[in-house]
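Here the structure is laid out as structure tokens; the discussion comes afterwards.
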Amino acid sequence: MANVLTALQPSGVLHIGNYFGAIEPMVQLQETNTNRLFIVDYHAITVPQDPAELRKNILFATAIYLAAGIDPKKTLLFQQSRVSQHTELAWVLNCTTHMGELERMTQFKDKSRGKGEAVTVGLFDYPVLMAADILLYDTHVVPVGEDQKQHLELARDVAERFNNRFGETFVVPEVKIREQGARIMGLDNPENKMSKSAASEKNYISLMDDEATVLKKCKSAVTDSGTTIAYDEARKGLANLLTIYSLVTGKEIKEIEKAYEGKGYGDFKTELAGHVSAFLKPIQAKATALLNDETHLIKILDEGATKAQELAEKKMQRVRSVIGVQL
Ligand code: TYM
């Protein structure tokens, strides 16, 4: 049994990229592993957040995970800020992580562009808090989308350096990136990943988009001037749509290509939208019902926090002891 762990930021928009990159793999892995899944609210505040919105988004993310099939009896589900050992370990790791390592992080470079000296220390330090998230729980496997690979490599380096200096303390985690669905691209720009912070809503399909919106977004998805429905890495827009089609229907790409022989983009996009909506509907219905009972959601997060605190405190006692602050 492996210790599997992943986390997502609470955001008003969770999109199908988040779902296929991280949520669905966790649902599958919870049957045979020790799963930990949490909502990284302290990562979210590395960029400005409206407090009332943030609270709503934490509950929304919780509802989505449960609606997607996360079972709190099988997966330890909690809120990062409730387990103060995450920020405590981040501080300790700050003291062994090099500025140069963090300056190389492409996500930091992207998010800090144009901000000059006003970029926050929190945004810079984001990957160290993420390393702490992972290392606190003796994590073997971290399922994430492709964009988090560099952060995972840093977490491994941080763990190895700490172990070399203070003796075996942390498990060095492995990254798990699924073959298909690890990088869902933006519908309006298939050169870049689908992202909730994209300039246009046409970039992503939110897990809560209604049928009409999904249809509009699929129809306006950027494709090329080709006429066949055939998978080709060079035809990025179409390749992305075929990937999404395959993920929501469970059909092989070859099978989908065959079904669309002699048909064009119009039919393909309309039917893709139908499949996406059919896939999302049960998740949306469950999430909406769950959101009507905040007390229930808070109770699940409370129970998760209590269990997570116990695990995290055990590891922190070891860390405090090996670095010499435990008297
Ligand atoms: P976040 O909240 O940006 O994204 C959550 C997960 O969704 C994946 N993802 C995608 N997968 C496929 N296609 C896409 N277009 C796409 N966009 C996002 C991300 O790779 C991620 O797996 N830093 C993390 C949160 C985090 C974390 C951790 C993850 C904090 N601590 C510890 C793992 C372990 C993040 O910002 O994810």
* Hey, what's the ring geometry for Phe78 with Phe38, parallel, tilted or perpendicular (30° and 60° as the breaks)? -> parallel
* Is there a path from Leu76 to Tyr42 through hydrophobic residues (I, L, V, M, F, W, Y) whose side chains come within less than 4.5 Å of each other? -> no
* Structure fact -> The single option from Asn240, Thr228, Thr223 that satisfies side-chain hydrogen bond (donor to acceptor under 3.5 Å, both in side chains) with Arg235 is Thr228
* Asked: Charged N to carboxylate O under 4.0 angstrom, Arg178 versus Glu24?
  -> yes
* To do: Flag the pair Phe170 / Phe162 as yes when their ring centroid distance falls below 6.0 Å, and as no otherwise.
  => yes
* Structure fact -> Scanning both residues in full, the closest heavy-atom pair of Tyr137 with Asn3 reads O-ND2, 3.8 Å
* Asked: Is there a path of hydrophobic side-chain contacts, each under 4.5 Å between heavy atoms of I, L, V, M, F, W or Y residues, that connects Leu93 with Val175?
  -> yes
* Indicate, with yes or no, if Val144 and Met194 share a hydrophobic cluster defined by side-chain heavy-atom contacts under 4.5 Å among Ile, Leu, Val, Met, Phe, Trp and Tyr. => no
* Asked: Any luck finding a side-chain donor-acceptor pair between Thr243 and Gln180 under 3.5 Å?
  -> no
* **Ion pair Lys73/Glu303, N-O distance below 4.0 Å** => no
* **Shortest non-hydrogen contact between Asp209 and Gln284, atoms and distance** => O-NE2, 2.8 Å
* Residues Glu201 and Lys217 bridged, charged N to O under 4.0 Å -> no
* State whether Glu101 and Arg161 are salt-bridged, where the test is any N-O pair (Lys NZ or Arg NE/NH1/NH2 against Asp/Glu carboxylate O) under 4.0 Å. => yes
* Distance-only side-chain donor-acceptor flag, Asp71 / Gln30, under 3.5 Å -> no
* Is Arg82 paired with Asp41 through a side-chain N to carboxylate O contact shorter than 4.0 Å? -> no
* Taking NZ, NE, NH1 and NH2 as the nitrogens, is one of them in Lys258 or Glu255 under 4.0 Å from a carboxylate oxygen of the other? -> no
* Looking only at non-hydrogen atoms, find the nearest pair between Glu294 and Arg55 and report the distance. => OE1-NH2, 3.0 Å
* Asked: Do Asp138 and Lys315 sit within salt-bridge range, that is, some charged N less than 4.0 Å from a carboxylate O?
  -> yes
* Residues Arg156, Glu174: salt bridge by 4.0 Å N-O rule -> yes
* Asked: Do you reckon Ile45 sits in the same ILVMFWY cluster as Trp91, going by side-chain contacts under 4.5 Å, direct or chained?
  -> no
* Asked: Can you tell me if Asp224 and Tyr265 form a side-chain donor-acceptor pair at under 3.5 Å?
  -> yes
* With distance as the sole criterion, is a donor-acceptor pair present between the side chains of Asp125 and Asn94 under 3.5 Å? -> yes
* To do: For the residue pair Tyr245 and Tyr260, categorise the inter-ring angle as parallel (less than 30°), tilted (30 to 60°) or perpendicular (more than 60°).
  => perpendicular
* Presence of salt bridge, Glu310 and Lys314, under 4.0 angstrom -> no
* How about Gln326 and Gln317: does a side-chain donor come under 3.5 Å of a side-chain acceptor? -> no
* To do: Taking only Lys NZ, Arg NE, NH1 and NH2, and the carboxylate oxygens of Asp or Glu, determine whether Lys254 and Glu257 approach each other closer than 4.0 Å.
  => yes
* Go through the side-chain N and O atoms of Glu252 and Ser246 and say whether any donor and acceptor fall under 3.5 Å apart. => no
* Asked: Using a distance-only test with no angle check, is there a side-chain donor-acceptor pair under 3.5 angstrom linking Asp210 and Thr213?
  -> yes
* Can you name the nearest heavy-atom pair linking Val119 to Ser112, along with the distance? -> CG2-CB, 3.5 Å
* **Same apolar cluster (I L V M F W Y, side chains within < 4.5 Å links), Ile298/Ile39** => yes
* Asked: Would you say Lys202 has more than 12 foreign heavy atoms packed within less than 6.0 Å of its NZ?
  -> no
